[in-house]
J.: 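Here you go, one structure.
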Amino acid sequence: NFDPMLAIDAIKGDIHLHLEKTGTKIICRHFPKKITADKIKFKQILFNLIGNGIKFQKENTSPIIEVECIDQLDSWLFSIKDNGIGIEKKFFEKIFLLFKRLHARDSFIGTGMGLAICKKIVDRHGGQIWLESVVGQGTTFYFTIAKEIEA
């Protein structure tokens, strides 16, 4: 058990210079005091999703990343919403495949592994991951983490 807000604080510390450079604001709401999950893996999910929100920012717009948690009966539902460039619906499934990129390598840095890793971690925690997006308006990633992980 750990406080998931500590993961957010660690991420902010890890990338504080990048946050200042880009003018990124990270807003967190409704976080539980404790969740049962692999702390390092949970941080990796948030790091990838927050990082994508910053990486795929709209030109001349400072990123705003809103991270929220909703208590469901058997799981926690996390959402990470950004005000970035958005993703076309036809790519929603493709982005969770390993090494699948939507942009040319010289357009955005990255390996194409981040979202596939997120999916694998969420799957191992008995959850699901999906997204909603509007091109030009931003993307919201959702993922669930089971409250009780089966051994």
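For the numbers below, each heavy atom of this structure counts, side chains included, while hydrogens, waters and symmetry mates do not.
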J.: For Thr22 and Gln57, run side-chain contact (heavy atoms from CB on, under 4.5 Å): C-alpha distance rounded to whole Å, both residues' side-chain angles, the deciding distance at 0.1 Å, then the answer.
T.: CA-CA 9 Å; Thr22 59; Gln57 71 187 76; 3.8 Å; yes
J.: Nearest 0.5 Å, what's the CG-CG distance between Asp3 and Asp9?
T.: 8.0 Å
J.: Using the benzene-type ring in the case of Trp, are the ring centres of Phe78 and Phe42 under 6.0 Å apart?
T.: yes
J.: Hey, is CZ on Phe31 packed in by over 12 heavy atoms from elsewhere, all under 6.0 Å?
T.: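 Yes, CZ of Phe31 has more than 12 neighbouring heavy atoms, counting only those of other groups under 6.0 Å.
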J.: Is it possible for you to say whether Ile64 and Phe47 belong to one hydrophobic cluster, with membership spreading through side-chain heavy-atom contacts below 4.5 Å?
T.: no
J.: Taking NZ in Lys58 as the centre, count heavy atoms belonging to other residues, nucleotides or ligands within less than 6.0 Å. Is the count above 12?
T.: yes
J.: Does some side-chain heavy atom of Lys25 sit less than 4.5 Å from a side-chain heavy atom of Ile65?
T.: no
J.: Using only atom types and a distance under 3.5 Å, with no angle test, would you say the side chain of His125 pairs donor to acceptor with the backbone of Val122?
T.: no
J.: Do Phe91 and Ile129 sit in the same hydrophobic cluster, where Ile, Leu, Val, Met, Phe, Trp and Tyr count as joined when their side-chain heavy atoms come under 4.5 Å apart?
T.: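 Both belong to a single hydrophobic cluster.
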J.: Taking atom CD1 of Ile26 and atom CD1 of Ile15, what is their separation to the nearest 0.5 Å?
T.: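 Ile26 CD1 to Ile15 CD1: 5.0 Å, rounded to 0.5 Å.
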J.: Just wondering, do Ile87 and Leu131 contact through their side chains at under 4.5 Å, heavy atoms?
T.: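 Sidechains of Ile87 and Leu131: in contact.
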J.: Can you confirm whether Asp74 is buried at CG, in the sense that more than 12 heavy atoms of other residues, nucleotides or ligands lie under 6.0 Å from that atom?
T.: no
J.: Would you say Lys12 and Leu19 make side-chain contact, with heavy atoms under 4.5 Å?
T.: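 Yes, side chains in contact.
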J.: So, do Asn83 and Pro63 sit near enough that their side-chain heavy atoms are less than 4.5 Å apart?
T.: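 Side-chain contact under 4.5 Å: yes.
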J.: Any Lys/Arg nitrogen of Lys147 or Asp71 sitting under 4.0 Å from an Asp/Glu carboxylate oxygen of the other?
T.: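 Yes, this pair counts.
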J.: If you count every heavy atom of other residues, nucleotides or ligands that lies below 6.0 Å from Ile40 atom CD1, does the total exceed 12?
T.: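 Not buried by this count: 12 neighbours or fewer within 6.0 Å.
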J.: Quick one: are Ile35 and Phe2 in side-chain contact, heavy atoms under 4.5 Å?
T.: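 Contact flag for Ile35/Phe2 side chains = yes.
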J.: Apply side-chain contact (heavy atoms from CB on, under 4.5 Å) to residues Ile50 and Thr24 and explain how you reach the verdict.
T.: CA-CA 10 Å; Ile50 289 169; Thr24 300; 6.0 Å; no
J.: Please say yes or no: joined through hydrophobic side-chain contacts below 4.5 Å, possibly via intermediate residues, are Val134 and Trp130 part of one cluster?
T.: no
J.: Inspect the contact between Asp14 and Lys43 and indicate whether a charged nitrogen and a carboxylate oxygen are less than 4.0 angstrom apart.
T.: yes
J.: Using the rule side-chain contact (heavy atoms from CB on, under 4.5 Å), only one of Thr139, Ile95, Ile85 pairs with Ser133; which is it?
T.: Thr139
J.: Is there a side-chain contact between Glu66 and Ile80 (heavy atoms, below 4.5 Å)?
T.: no
J.: Who passes ring pair (Phe, Tyr, Trp, His ring centres under 6.0 Å) against Phe92, sequence neighbours left out?
T.: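 Partners of Phe92 under the ring pair (Phe, Tyr, Trp, His ring centres under 6.0 Å) test: none.
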J.: Find out if a path of hydrophobic residues (ILVMFWY) with successive side-chain heavy-atom gaps under 4.5 Å connects Met5 to Leu49.
T.: yes
J.: Using a distance-only test with no angle check, is there a side-chain donor-acceptor pair under 3.5 angstrom linking Gln128 and Tyr142?
T.: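 No, Tyr142 and Gln128 have no side-chain donor paired with an acceptor closer than 3.5 Å.
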J.: A side-chain contact here means heavy atoms from C-beta on lying under 4.5 Å apart; do Pro4 and Cys69 qualify?
T.: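 When only atoms from C-beta onward are counted, Cys69 and Pro4 do not touch, as no gap falls below 4.5 Å.
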J.: Going from NE2 on His30 to CG on Leu77, what distance comes out if it is rounded to the nearest 0.5 angstrom?
T.: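 Spacing of NE2 (His30) from CG (Leu77) equals 12.0 Å.
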J.: Would you indicate whether the side-chain heavy atoms of Phe141 and Ser79 approach each other to under 4.5 Å?
T.: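 They are not in side-chain contact.
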J.: Please output the side-chain donor-acceptor pairs of residues 113-120 that fall under 3.5 Å, not counting sequence neighbours, one pair per line with the distance.
T.:
{"from": "Lys119", "atom 1": "NZ", "to": "Asp123", "atom 2": "OD2", "distance (Å)": "3.1"}

J.: Kindly check if the number of other-residue, nucleotide or ligand heavy atoms within 6.0 Å of CD (Glu93) is above 12?
T.: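 Incorrect, the count does not exceed 12.
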